[in-house]
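One structure is given below, encoded as structure tokens.
Starting from 1, each residue takes its place in the sequence as its number. Excluded from the calculations below are hydrogen atoms, water molecules and symmetry mates; all remaining heavy atoms, backbone and side chain alike, are included.
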Amino acid sequence: MHKVTLYLIFHLLLIFSTFASYAQEIVISGLPHEITNYKKWLGNKKCTDINSYQNDYATKASTQIMLICKALQLGGFNATLSFNSVPNYSRSLFEAYKGRIAIPGDSIWLSQISQKHFYTAPPIFAEGEFQKGFFALPDKRKEIEEHININKSKGITSLQTLRDYIVITSQNWIFDQAAIKNLELTHLNTTKTENMCNMIKYGRGDLYFGELIMIGNKKIVFNCNGLILEPIKGIKVAFTESRHFVVSKNIANSSKIYEALRKGLNILRASGEIEKAFYPHTNNKNIIVSWLDLLSLSPEQKQKKND
């Protein structure tokens, strides 16, 4: 009888464990190719076994998913992640609002977070940490840099020179739009990143406004739908608003998931893991930190050269 009792207890525990694992599944959103990047990077490992961000599959999107997974585990929530593909940032936020996903895979700008519908985790990008640069095809990048250097000798600033070129962006990226308009840059709008890449490929635009952080490649480059773009050296934009992971309040166990995420992110921040994810290659950090933040220029420094 004793053996039978132990046998039953063992299997009841096994059933409970299986049920608990199922109940702890957490749905995260992401662009299809970025979900693929995450899965290829992860391979057969657990996310907590990934110790290096120096990987060609490590991009801003896949790195953020990796940090979400690690934070949940460190926070004590033994999560099994599943994924829903979304076409863009806005759709990801909407799906979370509806409760069809638990956590958007991309961090959200603080001012776009509804406290009524979401729990807001500590910032993954604090003020000034989210940085972008202006990426161009290699030959165009060299041309622009030469133009900048020649103009500097004439008293014309890098920003003033940059206004001679066309930035390709999306009107839906409102924070990018605000920065570009603040700097009075010439720009064209389109709807998809693929379209932006094609416009640059065929010479309808010159520059892509892309992230300078969470680049797993040793070189600071952006893969724009197969085009390898390089940043204009010496200039960047550091955004003053923070970005956060959010948890939908319209899902089961949302408060427990949020508490685990919050706790785990604090551990990752304190341990230096988030900083390591920002700049997998220390030399790249040293380079980017030294570049001029165009948004930090005074109104006088931003004046057009024809003023």
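Separation of atoms CG (Asn172) and OH (Tyr89) is listed at 11.5 Å; rounding is to 0.5 Å. From Asp206, atom CG reaches atom OG1 of Thr186 across 9.5 Å, with rounding to the nearest 0.5 Å. Rounding to the nearest 0.5 Å places CG of Leu159 at 8.0 Å from CD1 of Ile235. With values rounded to the nearest 0.5 angstrom, Ile26 atom CD1 is found 9.5 Å from Asn78 atom CG.
A 4.5 Å side-chain heavy-atom check between Leu42 and Cys47 finds at least one atom pair inside the cut-off. Using a 4.5 Å heavy-atom threshold, the side chains of Cys69 and Tyr38 count as touching. Met66 has its side chain within reach of Trp41: a pair of non-hydrogen atoms, C-beta onward, lies under 4.5 Å apart.
Within the 6.0 Å centre-distance limit, the rings of Phe130 and Trp109 are counted as a close aromatic pair. Close placement of the Phe125 and Phe278 rings is indicated, their centers lying within 6.0 Å of each other. Less than 6.0 angstrom separates the ring centroid of Phe209 from the ring centroid of Phe134. Between Phe135 and Tyr208, the gap from one ring centroid to the other reaches at least 6.0 Å.
Put simply, the side chain of His281 gets close to the backbone of Gly216: a donor and an acceptor are under 3.5 Å apart. A donor-acceptor contact shorter than 3.5 Å is absent between the side chain of Asn217 and the backbone of Asn55. Put simply, the side chain of Arg163 gets close to the backbone of Leu183: a donor and an acceptor are under 3.5 Å apart. In terms of modelled atom types and a separation under 3.5 Å, the side chain of Asn223 and the main chain of Gly226 share a donor-acceptor contact. Of the possible donor and acceptor atoms, none in the side chain of Gln171 sits under 3.5 Å from a partner among the backbone N and O of Thr190. Between the side chain of Asn250 and the backbone N or O of Tyr97, at least one donor-acceptor pair lies under 3.5 Å. Between the side chain of Lys70 and the backbone N or O of Ile50 there is at least one donor-acceptor pair closer than 3.5 Å. In this structure a side-chain-to-backbone donor-acceptor pair under 3.5 Å is missing from Asn182 to Ala178. Without hydrogens or angle criteria, Arg262 side chain to Ala121 main chain gives no donor-acceptor distance under 3.5 Å. Between the side chain of Glu211 and the main chain of Gln131, no donor-acceptor pair closer than 3.5 Å is present.
Within the cation-pi definition used here (under 6.0 Å to the ring centroid, within 45° of the axis), Lys249 qualifies as a partner of Tyr119.
When each of Leu137, Val221, Leu207 is tested with Leu229 by the rule side-chain contact (heavy atoms from CB on, under 4.5 Å), just one qualifies, namely Leu137.
Salt-bridge check for Lys285 with Glu275: passed, with a basic side-chain N closer than 4.0 Å to an acidic carboxylate O.
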Check against salt bridge (charged side-chain N to carboxylate O under 4.0 Å, His left out), Glu273 and Lys276: CA-CA 5 Å; Glu273 181 85 4; Lys276 185 169 73 171; 3.8 Å; yes

